[in-house]
Amino acid sequence: MNTSQIVIGHNFSNSSHHALAGWISERGDPTCTQLLAGRLPTVKHAYKTQGLRKENIALSPSVTSIRGVRVMSDNRTIDAQRDELATLRERVRCELVLEREGYRLDREATAQRSAKNLKFRRGEGEIIIVNHGGKGWWDPTNPDRSARGDVIKLVQHLKPGLNLGHVRRELRNLIGLEPSYEVRERTKPTSTDTNQKRDPAWMWEHRNPPQQGSAAWRYLSEERGLPDRILDAAAKQNLLREGPNGTAWFAHRDNQGALSGMEMRGPEYRGFSTGGIGKRLFRFESDPGVPPSRVVVAEAAIDALSFASMDRFSRNTLYLSTGGGMSPESVAELKQVLTDVAQRPEGRLVIAVDNDQQGDHYAAMFSKMAQEVGLWNGRASPKTPGSDWNQVLRARGNKESSAPRPFGELAGSATTTTPHPQVAAGWVDDLKLRKRQQSQPVPLAEQAAPSVRRSGSPSLGGR
């Protein structure tokens, strides 16, 4: 190989410095060896790593080292380097790389699929499928299906911190080797293990809250339009977990605070967790630790959070979700919540259900429950038939709601004319109309009168 000496000096070209930095970064120990060109780490970092410093030194052709370091340049062409990458892709199998990183073949799963798709497992939820005769792979747990490619991308997927030079260095040592296809032994779980993994409390503790940039966060923020401030607040109240494949979990708890189950929503999944004691109530507080004077009940957790993000009267408000159909236990717990709120002078129930037949059913049921405990109630539903509050939020876009206002300002809008809640035509327009019709504000003593608080109204609430 045609080589030339390189002097560590200020008069060197940038290309030489880049080459030296790349060689030190790749080799780790600057001994007498070849200097591979094409590396791009900064030369400052390379010098610092090896304790070297630039020196203005003029050396004769006979000098073969500088401070014990002898380096030689690689005059290979770009085509030669591309040929090496092609050789690595052709002669290093993806199965071998996976086995080096602790993955083992799942024989049962592989047999169920086909011999052309080999399934490798490592820890829980760590799965890689190898295809194209060992030259390709893909990660089925990746939510956007972008984790796939050749053996070079596989090394970068398993070790994100490596650059191309590091990857080539690792793969050179694997050329010509064959994988062992050692099988991962799968023991049949006992009934105790199965029951434990179906326990919502166990599942909850083994998952992390979603964070900005994670799959579940992007689903709630980008697809569902929920603002970051609402997601942050829900996460701080221990109401959110990130499940597999970008699924978001919303905690249901009983009146004592014990986790009973989770609403599960994702791009391709919708359901409720099995096991545990089942549905109770999803509870999001506008002012944690402060007893609520106002309750907003929705059909789903995403709708409750959507309503909260648009609510102009959110102070001292508890946003609830029943998760759809209710069990007798969840009905009893909701009645207890309404009973407690009814003891407060400004107690209110806002029934924030969908504008459809199912919403009519829930509105009548919740209104009856509120009337039984003497709590004022009103329905707030979207204008468009068949829509829910999350659709309203997404149609609204990124508009921020105004600063929260005391919902006592709306107390004068309560009437006794609506025995059963109706679909709201728009609570803001209705409020303006009522204010024009009322020349005098209602005294506080009349606002708190039981006869007024028992009534229903289609306008109170807030979006």
Side-chain angles (χ1 to χ4, degrees), residues 88-89 91-164 166-190 192-199 202-211 213-219 241-249 264 266-269:
L88 295 175
R89 293 187 180 100
R91 300 188 59 187
V92 180
R93 301 181 64 91
C94 292
E95 302 99 311
L96 184 61
V97 173
L98 290 173
E99 289 183 351
R100 289 292 183 102
E101 295 302 320
Y103 283 81
R104 293 296 179 265
L105 179 66
D106 188 330
R107 177 182 295 170
E108 181 179 352
T110 298
Q112 291 175 355
R113 295 176 61 87
S114 71
K116 296 180 180 180
N117 294 280
L118 304 180
K119 188 172 187 177
F120 283 78
R121 290 179 177 271
R122 188 164 60 179
E124 183 176 356
E126 293 182 294
I127 301 173
I128 298 291
I129 305 295
V130 176
N131 51 16
H132 300 298
K135 298 179 182 178
W137 64 277
W138 61 285
D139 183 354
T141 64
N142 185 264
D144 57 5
R145 302 293 189 266
S146 61
R148 59 180 67 231
D150 56 22
V151 68
I152 294 176
K153 290 187 176 180
L154 176 59
V155 176
Q156 293 176 323
H157 175 71
L158 298 176
K159 300 179 178 180
L162 299 187
N163 59 28
L164 184 58
H166 295 129
V167 173
R168 292 162 63 179
R169 179 185 177 187
E170 287 206 2
L171 294 182
R172 288 187 193 115
N173 299 324
L174 303 181
I175 293 178
L177 301 182
E178 293 294 329
S180 65
Y181 295 107
E182 180 181 345
V183 176
R184 176 188 175 95
E185 296 296 335
R186 302 180 65 186
T187 59
K188 187 176 181 180
T190 63
T192 303
D193 295 336
T194 302
N195 293 335
Q196 182 187 40
K197 292 188 177 182
R198 289 182 179 177
D199 177 29
W202 187 92
M203 297 168 62
W204 189 263
E205 292 302 323
H206 284 75
R207 287 289 177 176
N208 295 321
Q211 300 178 350
S214 68
W217 188 285
R218 294 199 307 271
Y219 165 68
R241 285 292 187 271
E242 178 155 352
N245 300 323
T247 304
W249 294 357
M264 298 175 170
E268 300 177 357
Y269 182 78

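Keep in mind it's a predicted model, so treat the numbers as computed, not measured.
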**Study point:** Side chain to side chain, R168 and L88, heavy atoms closer than 4.5 Å
**Key:** yes
Practice item. Indicate the atoms forming the closest heavy-atom contact of G246 with A215, along with that distance. Key: CA-CB, 3.6 Å
Check your understanding: Is it true that E170 and R100 make a salt bridge, defined as a side-chain N closer than 4.0 Å to a carboxylate O?
Key -> no
Exercise for review: Kindly indicate whether the side chain of I152, heavy atoms from C-beta on, has any atom under 4.5 Å from the side chain of L164.
Suggested key: yes
Practice item. Measure the shortest side-chain to side-chain distance between V130 and N117 over non-hydrogen atoms and say whether it is less than 4.5 angstrom. Key: no
Practice item. Heavy atoms only: give me the nearest R148-K153 pair and the separation to one decimal. Key: O-CD, 3.8 Å
Practice item. Mark yes or no for whether E101, through its side chain, and L158, through its backbone, hold a donor-acceptor pair below 3.5 Å. Key: no
**Study point:** Minimum heavy-atom distance R89-K135, with the two atoms named
**Key:** O-CG, 4.2 Å
Review point. Does N245 reach the side chain of Y269, with side-chain heavy atoms less than 4.5 Å apart?
Key: no
Exercise for review: Drop me the distance from E182's CD to E99's CD, to the nearest 0.5 angstrom.
Suggested key: 7.0 Å
Exercise for review: Would you give the length of the straight line joining atom CG of D150 to atom NE2 of H132, rounded to the nearest 0.5 angstrom?
Suggested key: 10.5 Å
Revision key, fill the gap. Rounding to 0.5 Å, atoms OH (Y219) and CD (E268) come to a distance of 10.5 Å
Review point. Considering residues at least two apart in sequence or located in another chain, which fulfil the side chain to side chain donor-acceptor pair (under 3.5 Å) criterion with Y181?
Key: R93, E95
Check your understanding: Mind checking whether I127 and F120 have side chains closer than 4.5 Å, heavy atoms only?
Key -> no
Check your understanding: Quick one: are L98 and L154 in side-chain contact, heavy atoms under 4.5 Å?
Key -> yes
Check your understanding: Is a side-chain donor-acceptor pair under 3.5 Å present for T247 with E242?
Key -> no
Practice item. Over all heavy atoms of both residues, which pair between N173 and L177 is shortest? Give the atoms and the distance, please. Key: O-CD1, 3.7 Å
Practice item. May I ask you to decide if R207's main-chain N or O and R241's side chain share a donor-acceptor pair within less than 3.5 Å? Key: yes
Review point. Counting only heavy atoms not in Q211, do more than 12 sit closer than 6.0 Å to its CD atom?
Key: no
Check your understanding: How close do P210 and A216 get, heavy atom to heavy atom, and via which atoms?
Key -> CB-CB, 4.1 Å
**Study point:** Under 3.5 Å donor-acceptor, R218 side chain and G213 backbone
**Key:** yes
Exercise for review: Would you check if Q156 and K159 make a side-chain contact, meaning some heavy-atom pair closer than 4.5 Å?
Suggested key: no
Review point. Do the non-hydrogen side-chain atoms of V97 and V151 ever get within less than 4.5 Å of each other?
Key: yes
**Study point:** Heavy-atom pair of closest approach, residues P244 and W249
**Key:** CD-CZ2, 3.9 Å
Check your understanding: Is the distance between the ring centroids of W137 and H157 less than 6.0 Å?
Key -> yes
**Study point:** D139 versus T141, side-chain donor and acceptor atoms under 3.5 Å
**Key:** yes
